[in-house]
Trainee: 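Have a look at this one.
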There are 2 protein chains.
Amino acid sequence: MSSVICQLAGQWADHWPALDRGLQYGDGLFETIRLDSRGGMPLREYHFERLQQGLQRLYFPSQVLDQVILSWQQLSIPDGATGVKLLLTRGEAARGYAIPAIPAVNLQWQFFTSPEWRWKSKPEGLVTGVNPVRLGNQPLLAGLKHLNRLEQVLARQAFQPGWDESLMLDQDDLLVEGCMSNLYWIKNGTIFTPSLAKAGVNGVIRRWLSAQRSILETEARLDELYQADLVFMSNALNGLVPIAALDGQSLSQAPAALAELRALQSELEACF
Amino acid sequence: MSSVICQLAGQWADHWPALDRGLQYGDGLFETIRLDSRGGMPLREYHFERLQQGLQRLYFPSQVLDQVILSWQQLSIPDGATGVKLLLTRGEAARGYAIPAIPAVNLQWQFFTSPEWRWKSKPEGLVTGVNPVRLGNQPLLAGLKHLNRLEQVLARQAFQPGWDESLMLDQDDLLVEGCMSNLYWIKNGTIFTPSLAKAGVNGVIRRWLSAQRSILETEARLDELYQADLVFMSNALNGLVPIAALDGQSLSQAPAALAELRALQSELEACF
């Protein structure tokens, strides 16, 4: 199933205005949210935390988050929905980049049924490769889940046959993330993840993970992954999944590291 | 006046679909076009040239340009329109970044009446400053007028009172362009403009200018502007305009260089 419901400057609707700034400039944010079996949002604090950071960095009024929460509370969740994408924009305004002082925010909720979660369907791990698309460095937008996603569109198009995911480097060939996931590796019992100071999306699971374990943010290159005991990825829908292969080369899945990942998978799934 | 007409997968409409990829990802392109007094598009070859480059780099089918031209030919231009913004997206598709093989392209034409052209209203030149927002470097998107414009939204918000425009540098502090314009300077009779290999929009007037004169593309820093005989900017709506001041400091407007700019302004205005 898939359905979308819009709320335009407070009014429910099933279409979108042609002059919306989200369309014109990508001037907005989104969240991809996994629901539990009762239609609840177990990791809501992490979704709303990032949304609030995005709203602040993009100069939205702070009360917009309250509008979003109120809108969510008014929704009835369609039967069979296992996920929802929230999209929020600065609404309609006069032509030009200048931000209206009081935006008439538009938002939409797109409900969907996921295919089986990747952490279940790929227990042995993902087949990946290094994406030829390099992410641009933009500290002012790094970490946010904003609507400017052309780099991801180009990166997805560059997938080779058989890839489940791909690894994104930045313009300096530093590791950042996956095309749709965050990236981690375990070495001698320590969990590492790339710094997102210049690029990337600070995922819900990435922040959930940082609340469960000590995670070391670092600037690192590809060779770190080949020397790791285990490499894994996360995203809101697919949970925590090991990487089996990178550009045709099998990656280590050392037993102790894999046991740690299995423990984390169980802790995460217990939330849903 | 301002009005918008949409063409969704070939059908005329006055709204926009909520699941359009232009809204979801910024997966599309736009052109801001100055019309002549008869509603014609004098610099159409430059607009369509950049659009075609964008379509190719974003993996649209090549015949999409023909759809755009056909759509343009079917329009009746509203009275009083002096400009039109064309916006084009990859339309609706299944959730996810993957590009549909045959997109059902959505497009819109937003007609408007400009305030008086800047080249007329600011003959003495623009008051500018260096924008604190640095552009990210992304060679795969550089030059295109695509829908991922959050950097410009943030940059516009950073304008100081009294600025007509601002100068954008990249992450390495190299000159790129203005927030809404291209940038040039004249030194000893030579016209220079920043390279757009890594960031920036390759404007219609920039390419028109390159067809009229020899323009040297270069990697340069701010100090080049303080040493120039004349600094000027261009955009499709405002034409060619000198810069009078940069961060409170007057810039040179040497008579020979200014005479060259006045000649170029006349040649450009003769097109309309």
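These numbers were taken from a predicted model, which means no experiment stands behind them. Residue numbers start from 1 in every chain, and the chains themselves are labelled A, B, ... in the order their sequence lines are given, proteins ahead of strands.
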Trainee: Side-chain contact, heavy-atom cut-off 4.5 Å: B/Gln171 with A/Pro139?
Mentor: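 Yes, at least one pair of side-chain atoms sits under 4.5 Å.
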Trainee: Which bit of A/Val153 is near chain B, if near means a heavy-atom gap under 4.5 Å: side chain, backbone, both or neither?
Mentor: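 For A/Val153, the contact with chain B is made by backbone and side chain together.
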Trainee: Specify the closest pair of heavy atoms between A/Leu150 and B/Leu58, including all atoms of both residues, with the distance to one decimal.
Mentor: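 For A/Leu150 and B/Leu58, the tightest heavy-atom pair comes out as CD2-CD2, 4.1 Å.
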Trainee: Against chain B, work out which of A/Phe159, A/Tyr59, A/Tyr25 has the most heavy-atom pairs shorter than 4.5 Å and name it.
Mentor: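 Going by pairs under 4.5 Å, I would pick A/Tyr25.
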Trainee: How many angstroms lie between CD in A/Gln138 and CG in B/Leu135, if you round to the nearest 0.5 Å?
Mentor: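 With rounding to 0.5 Å, CD (A/Gln138) is 7.5 Å from CG (B/Leu135).
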Trainee: Between B/Leu23 and A/Gln108, is there a side-chain heavy-atom distance shorter than 4.5 Å?
Mentor: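 A side-chain contact under 4.5 Å exists here.
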Trainee: Looking at side-chain heavy atoms only, is the closest gap between A/Trp16 and B/Leu19 below 4.5 Å?
Mentor: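 Sidechains of B/Leu19 and A/Trp16: no contact.
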Trainee: What part of A/Asp20 lies closer than 4.5 angstrom to a heavy atom of chain B: side chain, backbone, both or neither?
Mentor: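 For A/Asp20, side-chain heavy atoms alone lie under 4.5 Å from chain B.
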Trainee: With a 4.5 angstrom heavy-atom cut-off, is it the side chain or the backbone of A/Gln110 that approaches chain B, or both, or neither?
Mentor: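 Side chain only.
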Trainee: Which answer fits A/Leu141, side chain, backbone, both or neither, if we ask what part of it has an atom under 4.5 Å from a heavy atom of chain B?
Mentor: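 For A/Leu141, the side chain is the part near chain B, not the backbone.
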Trainee: Please classify the contact of A/Leu144 with chain B as side chain, backbone, both or neither, using a heavy-atom distance under 4.5 Å.
Mentor: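 For A/Leu144, no heavy atom lies under 4.5 Å from chain B.
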Trainee: Should we count CD of B/Gln11 as having more than 12 external heavy atoms under 6.0 Å?
Mentor: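 At most 12 heavy atoms, drawn from other residues, nucleotides or ligands, come within 6.0 Å of this atom.
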Trainee: Kindly compute the distance separating CG (B/Leu154) from CZ (A/Arg57), expressed to the nearest 0.5 Å.
Mentor: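 Those atoms lie 9.5 Å apart.
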Trainee: Heavy-atom distances under 4.5 Å only: say whether B/Ile5 touches chain A with side chain, backbone, both or neither.
Mentor: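 Looking at B/Ile5, nothing touches chain A.
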Trainee: Of the listed residues (A/Glu151, A/Arg134, A/Met180), which shares the most heavy-atom pairs with chain B below a 4.5 Å separation?
Mentor: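 Among A/Glu151, A/Arg134, A/Met180, the one with the most close pairs to chain B is A/Glu151.
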Trainee: With a 4.5 angstrom heavy-atom cut-off, could you sort out which part of A/Arg149 is near chain B: side chain, backbone, both or neither?
Mentor: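 The answer is both parts of A/Arg149.
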Trainee: Answer whether the closest heavy-atom distance between the side chains of B/Val133 and A/Leu140 falls below 4.5 Å.
Mentor: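 They are in contact (side-chain heavy atoms under 4.5 Å apart), so the answer is yes.
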Trainee: For chain B, which residues of residues 79-101 of chain A have at least one non-hydrogen atom nearer than 4.5 Å to it?
Mentor: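 When heavy atoms of chain B are the reference, residues 79-101 of chain A contributes A/Lys85, A/Leu87, A/Thr89, A/Arg90, A/Arg95, A/Tyr97, A/Ala98, A/Ile99 within the under-4.5 Å range.
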Trainee: Measure A/Arg21 against the heavy atoms of chain B and call it side chain, backbone, both or neither at under 4.5 Å.
Mentor: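 For A/Arg21, the contact with chain B is made by the side chain alone.
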Trainee: Which bit of B/Asp170 comes within less than 4.5 Å of chain A, counting heavy atoms only: side chain, backbone, both or neither?
Mentor: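 For B/Asp170, no heavy atom lies under 4.5 Å from chain A.
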Trainee: Are B/Asn148 and A/His146 close enough that some pair of their side-chain heavy atoms sits under 4.5 Å apart?
Mentor: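 A side-chain contact under 4.5 Å is absent here.
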